[in-house]
Amino acid sequence: MDKIIISPSILSADFANLQRDIAKIEQAGADWVHVDVMDGHFVPNITIGVPVVRAIRKVTVLPLDVHLMIENPLDYLPQFIDAGADIITVHYEACSELLDDIIDYARARGIKIGVSIKPNTPAIVLKEWLEKVDLVLIMTVEPGFGGQRFIEDAAYKIEYIKNNGPKNLILQVDGGINDETAKICKHLGANSLVAGNYIYKSTNIAEAIEALRTN
Ligand code: DX5
Ligand code: ZN
């Protein structure tokens with residue numbers, strides 16, 4: 001089996017100590033850093049923006065996995081790429097008509113591009129894009145906040161993506177992931193797990209990351 005890509009969400013880190021908290025996950029074996037960008041419109045919360053991405057780019061060698069929970073993501077792609085994003089995931093619900101332009105732009109700039117769906121959006125809407133993107137992100141909570149409860153029904157969409165997408169597609173899940181829910185997702189075919197609270201609230205981050213990977 002392929003290695004599971006673990007992408008800890010810094011939404012659960014201490015924002016006054018981001019450098020320290022990113023170093024913690026880097027030393028503990030994380031693969032990527034998951035950065036949750038929220039605009040107060042697409043979701044009812046405001047978090048991190050371009051300047052923070054630029055700042056954390058300087059303090060880690062890990063790929064920055066930037067999850068854009070924002071309206072009009074195409075307008076902001078250039079800035080996030082200039083700031084150092086390696087993987088950018090946009091929401092289907094925010095930009096379905098512009099998804100082809102977004103993919104073209106990401107290709108031209110040489111970054112990985114992902115598309116995400118919220119728990120109530122059916123997986124079939126992504127059918128025509130599965131061959132074109134690098135990553136599909138299935139949200140297993142309503143986007144907007146960390147620390148919510150895993151929605152198991154949403155996780156079953158992983159199977160559809162797995163069965164209809166190319167072999168090398170990165171199939172990521174995000175929301176309420178812990179050692180138990182990770183098992184369900186991996187069984188369904190996920191090969192990348194985002195986790196905020198489970199990792200940052202654990203007493204041993206290396207063990208938490210390892211548990212997500214191997215349980
Ligand atoms: C939710 C974010 C998630 C969140 C995950 O809108 O996209 O990345 O930080 O947090 P946990 O793992 O605590 O559910
Ligand atoms: Zn996220």
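Listed for the Asn178 side chain is a donor-acceptor partner under 3.5 Å among the backbone atoms of Thr181. Panel note: side chain Asn191, backbone Ile170; no donor-acceptor pair is recorded below 3.5 Å. Although no hydrogens or angles enter the test, the distance criterion places no donor-acceptor pair under 3.5 Å between the side chain of Arg107 and the main chain of Ile102. Under the 3.5 Å distance criterion, the side-chain polar atoms of Ser192 are left unmatched by any main-chain donor or acceptor of Gln172. Side-chain atoms of Glu71 never come within 3.5 Å of backbone atoms of Ala94 as a donor-acceptor pair (strictly under, hydrogens ignored). Judged by distance alone, the side chain of Asp65 and the main-chain N or O of Trp32 form no donor-acceptor pair under 3.5 Å.
Residues Pro119 and Val141 form no side-chain contact, since every pair of their non-hydrogen atoms from C-beta on lies 4.5 Å or further apart. Side-chain contact between Leu68 and Thr89 is absent, with no heavy atoms from C-beta onward closer than 4.5 Å. Ile158 has its side chain within reach of Leu171: a pair of non-hydrogen atoms, C-beta onward, lies under 4.5 Å apart. Contact of the Val43 side chain with the Phe145 side chain is not registered, since no non-hydrogen atoms from C-beta on lie closer than 4.5 Å.
Between Asp75 atom CG and Leu98 atom CG the span is 8.5 Å, to the nearest 0.5 Å. One distance of note links CD of Glu152 with CG of Leu188; it measures 8.0 Å at 0.5 Å rounding. For the atom pair CG (Asn17) and CD1 (Ile22), the distance works out to 11.0 Å, reported to the nearest 0.5 Å. Of the inter-residue distances, the one linking Ile199 atom CD1 with Ser12 atom OG reads 9.0 Å to the nearest 0.5 angstrom. Here the OG-CG distance, from Ser9 to Leu193, works out to 13.0 Å after rounding to the nearest 0.5 Å.
Hydrophobic clustering of Ile, Leu, Val, Met, Phe, Trp and Tyr side chains at less than 4.5 Å, counting indirect connections, keeps Ile48 apart from Ile46.
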- Would Val173 and Val194 satisfy side-chain contact (heavy atoms from CB on, under 4.5 Å), going step by step from the backbone distance to the final call? CA-CA 6 Å; Val173 281; Val194 175; over 6 Å; no
- Test side-chain contact (heavy atoms from CB on, under 4.5 Å) applied to Leu212 and Tyr198, step by step: CA-CA 9 Å; Leu212 291 180; Tyr198 177 72; 3.6 Å; yes
- Query: Checking side-chain contact (heavy atoms from CB on, under 4.5 Å) for the pair Asp174/Thr140: CA distance, chi angles, key distance, verdict?
  - Reply: CA-CA 6 Å; Asp174 181 6; Thr140 43; 5.5 Å; no
- Are Arg213 and Asp179 close enough, and set up right, to give a salt bridge (Lys or Arg N to Asp or Glu O under 4.0 Å), and what steps lead you there? CA-CA 9 Å; Arg213 225 196 289 280; Asp179 52 345; over 6 Å; no
- Query: Is there a side-chain contact (heavy atoms from CB on, under 4.5 Å) between Met38 and Leu11 once you walk through the steps?
  - Reply: CA-CA 11 Å; Met38 305 187 189; Leu11 191 56; 3.7 Å; yes
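Counting heavy-atom neighbours within 6.0 Å of Lys112 NZ, excluding the residue itself, gives a total of 12 or less. Shown here is Phe80, whose CZ atom has more than 12 heavy atoms of other residues, nucleotides or ligands within 6.0 Å.
For the side-chain contact (heavy atoms from CB on, under 4.5 Å) criterion with Asp134, the lone passing option out of Ile113, Val115, Leu169 is Ile113. Between Asp82 and the choices Arg57, Arg54, Arg109, the side chain to side chain donor-acceptor pair (under 3.5 Å) rule is met once, by Arg109.
The cationic group of Lys127 does not satisfy the cation-pi geometry with Tyr160, failing either the under 6.0 Å distance to the six-membered ring centre or the 45° limit from the ring axis.
Using modelled atom types, one finds no donor on one side chain facing an acceptor on the other under 3.5 Å when comparing Thr47 with Asp36. In summary, the side chains of Trp129 and Asp100 do present a donor paired with an acceptor at a separation below 3.5 Å, with no hydrogens or angles considered. For the residue pair Thr121/Glu93, the side-chain donor-acceptor check at 3.5 Å is satisfied.
Between His91 and His67, the ring planes lie parallel to each other; the angle is under 30°, not in the 30° to 60° tilted range.
The residues Lys24 and Asp21 are annotated as salt-bridged, a charged nitrogen and a carboxylate oxygen being separated by less than 4.0 angstrom.
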